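Computed from a predicted model, the values in this text were never measured in an experiment. Just so you know, ligand 1 is whichever comes first in the structure, and atom 1 is the first atom listed for that ligand. Side chains are part of it too, since the values below use all heavy atoms of this structure and drop only hydrogens, waters and symmetry mates.
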Amino acid sequence: MKLSARLSALAGASALVLGAFAGAAPAATAAPTGTAAVTPPDIPVANVKQHLADLQSIATANGGNRAHGRSGYKASIDFVKAKLDAAGYTTAIQQFSYNGSTGYNLIADWPGGDPNQVVMSGSHLDSVTSGPGINDNGSGSAAILENALAVSRAQLQPTKHLRFAWWGAEELGLVGSKYYVNNTPSTERSKIKAYLNFDMIGSPNPGYFVYDDDPTIEQTFKTYYAGLGIPTEIETEGDGRSDHAPFKNAGVPVGGLFSGADYTKTSAQAQKWGGTAGQAFDRCYHSSCDTTANINDTALDRNSDAIAYAIWNLSSGSTTPPAGTVFENTADVAIPDNGVAVTSSVTVTGVSGNAPSTLQVGVDIVHTWIGDLVVDLVAPDGSVYNLHNRTGSGTDNINQTYTVNASTEVANGTWKLRVQDKASADTGYISGFKLTFP
Ligand code: DTR
Ligand code: CA
Ligand code: ZN
Ligand code: ZN
């Protein structure tokens, strides 16, 4: 089944971003007008892999790990900081103590943008003591480093202010990110309109999971992956398992991506994502084998590009669902001759409020003698809007866009196109079902 939340022709190759952030704190929305999307550059996965190779070398030269309190961690911080300083970032190292050792957070600000609207991306840079931590979490650290360097290469001047962070001592209990949140005044914290977390995004048997926290951030990532035709799942390994938790607890809108850790990939997941069912997403989780060989390049590449898409768009100031947001299902559904009704469905997400009075319903049915057919739009709450009722007799095929006043229906939810063939001899199938929010 090919489900995709595609964008209108208006958007062309670029993609648009939805809504204002809805965090626990009263979200101060940005400018109310949706602005045209910006198309981020491709993030070269070769560059990300080079950062991973460098982190691997650091671990190898420092007892095999990059853990809190060990020389390999401070060397990792110094490595990342040097690249950011050279790229024009304003960097700061925040020290803290834990378990008798000094810990370090690295904070990097890209000069410019509205200081009252900060879009922040973070990854923990520490590993466990048992290994070099290349997927966990060199992958997230390297991906946001390369995104920060891409911002510099582009000399991006976003509406909102960009901040990046590499956390210490996550593996000991989110220690570095908690320290940052607890030591940032609430007046400064409330300026953070989005915190994006990336912890394990290159798992060797990857899944494509999106955090289901702030709906705008969630939709941003989902729209990116829908544009690639790659289905995503909600990250359900439980809140609080990475550095977004302290931000979420403080009321900051959060989101992120995850490719899976020690949980096992199901056969259904293997069917849609590839890889090996019955095997962990990352068999080297927290092990010495979490080396540069423990990375799936495709997942690392896709997630690095998804990060760029989110950073470029969430900082560009677009805040309202743009015209032409499309939700489409192009899977073929056979219509039984003179038989039971069948349906094609789309799940609308990220559209706040009710559907419009001019909801565009695209119907593509391949069928001889359409006088046999009854075609209905069924709203998420079960309300039925008849589109076609056995008219058209000998005409073949329905390929039409209907305008439906759906203003009493909540937009988000699963909408169905229901088709029944009520007479024998002619047959066909649903070829496509599309909802366009004008
Ligand atoms: N706790 C993280 C790995 C991890 C496990 N589940 C999730 C969910 C979302 C992000 C990260 C994780 C660690 O070991 O660093
Ligand atoms: Ca790429
Ligand atoms: Zn870990
Ligand atoms: Zn981690």
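For the Ca ion (ligand 2), protein N, O or S atoms under 3.0 Å: 5 in total.
Within a 6.0 Å radius of CZ in Arg189, more than 12 heavy atoms belonging to other residues, nucleotides or ligands are found. For CD of Gln157, the number of neighbouring non-hydrogen atoms (other residues, nucleotides, ligands) closer than 6.0 Å is 12 at most.
No side-chain heavy atom of Asp282 sits under 4.5 Å from any side-chain heavy atom of Asp262.
Remark: Lys434 is not positioned above the aromatic ring of Phe327, lacking an NZ or CZ atom under 6.0 angstrom from the ring centre and at most 45 degrees off the axis.
Considering backbone and side-chain N/O atoms, Glu235 never comes within less than 3.5 Å of an N/O atom of ligand 1. Checked against a 3.5 angstrom limit, the closest N/O atoms of Tyr211 and ligand 1 fall outside it. In terms of polar-atom proximity, Ser242 is not counted as a contact of ligand 1, lacking any N or O under 3.5 Å from an N or O of the ligand.
For ligand 1, the atoms closer than 4.0 angstrom to any heavy atom of Glu170 are 1 (N), 2 (C), 13 (C), 15 (O).
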task = Please lay out, stage by stage, how Phe209 and Trp273 fare under the test ring-ring contact (aromatic ring centres under 6.0 Å, His included).
result = CA-CA 11 Å; Phe209 297 99; Trp273 289 329; 5.2 Å; yes
task = Under the ring-ring contact (aromatic ring centres under 6.0 Å, His included) rule, what do Phe281 and Tyr263 come out as? Steps first, then yes or no, please.
result = CA-CA 6 Å; Phe281 294 103; Tyr263 281 28; 7.9 Å; no
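Using a 4.0 Å cut-off between charged nitrogen and carboxylate oxygen, Lys272 and Glu233 count as a salt-bridge pair. The pair Asp126-Arg66 does not meet the salt-bridge criterion, since no charged nitrogen lies less than 4.0 angstrom from a carboxylate oxygen. By the 4.0 Å N-to-carboxylate-O rule, Arg153 lies close enough to Glu146 to be salt-bridged with it. Arg163 and Asp109 are joined by a salt bridge, as a carboxylate oxygen and a charged side-chain nitrogen come within less than 4.0 angstrom of each other.
Rounding to the nearest 0.5 Å gives a distance of 6.0 Å between CG of Leu52 and CG of Leu300.
Within the structure, ligand 1 has Asp136 among the residues with a heavy atom less than 4.0 angstrom away.
The residue from Arg241, Met200, His286 that puts a heavy atom closest to atom 1 (N) of ligand 1 is Arg241. Taking only non-hydrogen atoms, the option from Tyr263, Tyr285, Phe258 nearest to atom 12 (C) of ligand 1 is Phe258.
With no hydrogens or angles considered, a side-chain donor-acceptor pair links Asn135 and Ser203 at under 3.5 Å.
Two rings, from Tyr195 and His244, have their centers 6.0 Å or more apart.
Only protein N, O or S atoms were considered, and those under 2.8 Å from the Zn ion (ligand 4) are His124 NE2, Asp136 OD1, Asp199 OD1, Asp199 OD2.
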